[in-house]
Amino acid sequence: MAAETEGATGDWFGDAERISRLPGKVFAAACLSATLFGIVMVAGLLVYVTKDAIRPFTANPGWFLVFFLTFVLPSTALLGYFRRRGDGEATVALTALGVPLFGSLLGSGVLLLFIDVLSIVEWLAFVVAAVVTGGVLLGHRRARTRASFLEEAVVAVVALFVLAPVTFEFVATFPTVPQAWLIYLLTFGLGGAVVGGLIVARRRNDQRAGLVAGGALLATVTAGVFIDPSTGITPPVWVILFTFAGVPTALYVEGVVRRRDHRPVGLAFPLVAIAGILLGAVLVEMLGFAGPEAWLDLQFLTSANSRFPEEAGIYPALIGSVMMMVVVAVSSFPIGVGAALYLEEYAPSDGPLGVVVKFIEINIANLAGVPSVVYGLLGLALFVNWLNFASGIVVVGGMTVGLLILPIIIISAQEAIRAVPGSLRQASYGMGATRWQTIRRVVLPEALPGILTGSILAFGRAIGETAPLLMIGAAASVFQPPGGFFDIFSAMPRQIYAWVGQPSQEFQYGVMAAGVVTLLVVMLSMNAAAILIRNKYERRS
């Protein structure tokens, strides 16, 4: 409105009584320059390490030409056609390709855990203990609909900390158990089919459709068990990969087909891309075109470290990082969210206690900026020297890194809880709800997207930390993945740090770059998961 007033006087228009848009344009240009600078720097780093890890210039030019003609050109042209249509098919195409890829990556991580960490007996004992505990909690809630909060808390504590461990130990003593593929089918396959059926039933508001979808998924995963193992797909591999990649893909396809009146042609994009890759692989094999001699290959991902760079791998460190992140999540997420809830919903804001709370909040904010090496020394003193844990084991590494990201989780959770409108709380209180009921049914569901997003991004930082692992004595290299949470371990950043110190240039540039790309892929996958979770709960809100 100021621009519509001519001849106005006052400080707003300056001495010349004219509006100047130059400062705004300069500020916008400065912001754009800062954004581009950050993007270019990160992209340059990724290109640099990827070049060393993949070594594309060692490939035959014909190899690039074949894959350009069979994969890059058709895929790019098809994606450009979808974008030109402007009806959302490009988004459908990219999502249809990304869902199975991300699911396969997640399923591969689960497979790694079952290969070297969890035995089939331990997994069966864990599932039985979880089912028994859940059944007790659900049965108590249905039998005692008017039970007090204290009674529910007592039952939950007894079920989780007494009944579950006893059940686990009892099942773990079984001398014989069914075959591994049958246990995986009854836990992963059946569970995935049930979840898929429930989602379809809710989407279509039709229980019969849900039963049909769940039955089809269960029949598919069961039929895949009989695939010839000589193809490299054993029954356990099929069940887990189908559960984590096949079920989400089928649900996404069902959702797209259900929402769109016209034919969703974007779903054909993954088929074109995969067909192009397979055709290219066949052609380069027939024509004898050699591909790049990459450091990052299947041998690197599935092998232990070696003194020979050509035989070095990151597999034990990869498993160690995954196990460490389990400890980080268990030790930091509940404490961080609980602390944020207390500070925002229960802690007094005035009086002597309000001053103490303000002092605590200031210190939490300061702790978020403390160097990671200090947290490493804290973990060494707290867990190794005082609590007498062995140095360099998974639990010590996970809890030390958990301390590092705990202030970040608290601050991000506080911001998410603070962003919940106060009118929702007042409406809940007006309906007669207690503070606990308001927090559980109103505040937490509304704040959950922000809490999960901030926490997962903090986990992404945690998996790349090196200094705390050096302080608590994590091994530079191990040749076997840890068999439990109290075993010696090495993590990916610790392994990369050890390769940088090797005198050989093959380790300093080639093997190290392959490790960095692997670590970045894991971190980007975690960030992608954070974005998906945030978008899902934002739509629900």
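The analysis underlying the following values was restricted to heavy atoms, covering all of them including side chains, and did not include hydrogens, waters or symmetry mates.
Between L296 and L301 the shortest side-chain heavy-atom distance falls below 4.5 Å. Residues T95 and Y252 are in side-chain contact: their nearest non-hydrogen atoms beyond the backbone lie under 4.5 Å apart. Residues I488 and I393 form a side-chain contact, since some pair of their non-hydrogen atoms from C-beta on lies under 4.5 Å apart. Proximity of V401 to L469: side-chain heavy atoms (C-beta onward) are separated by under 4.5 Å at one or more points. The shortest distance between side-chain heavy atoms of F389 and M399 falls below 4.5 Å. L251 places a side-chain heavy atom less than 4.5 Å from the side chain of R203. Using a 4.5 Å heavy-atom threshold, the side chains of F489 and M323 count as separate. Taking the side chain as every heavy atom from C-beta outward, F269 and V92 never approach each other to under 4.5 Å.
Within a 6.0 Å radius of CZ in R418, more than 12 heavy atoms belonging to other residues, nucleotides or ligands are found. Counted within 6.0 Å of CD on Q207, heavy atoms from surrounding residues, nucleotides or ligands total 12 or fewer; the atom is thus considered open. Atom CD of Q179 has 12 or fewer neighbouring heavy atoms from other residues, nucleotides or ligands inside a 6.0 Å radius. Surrounding CZ of R141 are at most 12 heavy atoms belonging to other residues, nucleotides or ligands under 6.0 Å away.
Between L278 atom CG and F71 atom CZ the span is 11.0 Å, to the nearest 0.5 Å. Between atom CG of residue L444 and atom CD of residue E345 there is a gap of 8.5 Å, rounded to the nearest 0.5 Å. To the nearest 0.5 Å, the span separating OG1 on T302 from CD on Q299 amounts to 6.5 Å. S490 contributes atom OG, which lies 12.5 Å from atom CD1 of I319 (distance to the nearest 0.5 angstrom). Expressed to the nearest 0.5 Å, how far CG of L382 lies from CD1 of I472 amounts to 12.5 Å. For the atom pair CG (L185) and CZ (F242), the distance works out to 11.0 Å, reported to the nearest 0.5 Å.
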Exercise for review: With side-chain contact (heavy atoms from CB on, under 4.5 Å) as the test, would you mind laying out the steps for V200 and V212 before giving the verdict?
Suggested key: CA-CA 9 Å; V200 172; V212 172; over 6 Å; no
Review point. How far apart are the C-alpha atoms of R204 and E254, what are their side-chain angles, what is the distance that settles it, and do they pass the salt bridge (Lys or Arg N to Asp or Glu O under 4.0 Å) test?
Key: CA-CA 10 Å; R204 296 179 177 268; E254 188 273 340; 2.7 Å; yes
Review point. Does the pair V158 and L163 meet the rule for a side-chain contact (heavy atoms from CB on, under 4.5 Å), with working shown?
Key: CA-CA 6 Å; V158 171; L163 183 61; 5.5 Å; no
Exercise for review: Applying side-chain contact (heavy atoms from CB on, under 4.5 Å), run through F170 and V132 and close with a yes or a no.
Suggested key: CA-CA 12 Å; F170 174 71; V132 171; over 6 Å; no
Exercise for review: Could you walk me through whether I408 and L457 pass side-chain contact (heavy atoms from CB on, under 4.5 Å), step by step?
Suggested key: CA-CA 9 Å; I408 303 174; L457 293 178; over 6 Å; no
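Between the side chain of R494 and the main chain of A474, a donor-acceptor pair closer than 3.5 Å is present. Side-chain atoms of R441 do not come within 3.5 Å of backbone N or O of S428 as any donor-acceptor pair. S321 contributes a side-chain N or O that, together with a main-chain N or O of M492, makes up a donor-acceptor pair within less than 3.5 Å.
Scanning for salt bridge (Lys or Arg N to Asp or Glu O under 4.0 Å) contacts around R144 gives E151, with sequence neighbours left out. Partners of F126 under the side-chain contact (heavy atoms from CB on, under 4.5 Å) rule, at least two apart in sequence or in another chain, are W123, F168.
Smallest separation of non-hydrogen atoms from A129 and T167: CA-CG2, 3.7 Å. Summarising the geometry of S412 relative to S455, their closest heavy-atom pair is OG-N, 4.3 Å, with the distance given to 0.1 Å. The minimum heavy-atom distance linking F188 with V239 is given by the pair CB-CG1, 4.2 Å. Residues L101 and L97 approach most closely at CG-O, 3.2 Å, considering heavy atoms. Closest approach of I405 and S332 over heavy atoms only: CD1-OG, 3.8 Å. Taking both residues in full, the closest heavy atoms of P316 and P481 are given as CB-N, 3.9 Å, listed atom of the first, atom of the second, then distance.
With F333 as the partner, the side-chain contact (heavy atoms from CB on, under 4.5 Å) test is satisfied by one option alone out of L406, V328, L452: L452. Checking L341, I451, L343, V337 one by one against Q414, the side-chain contact (heavy atoms from CB on, under 4.5 Å) holds for a single residue, L343.
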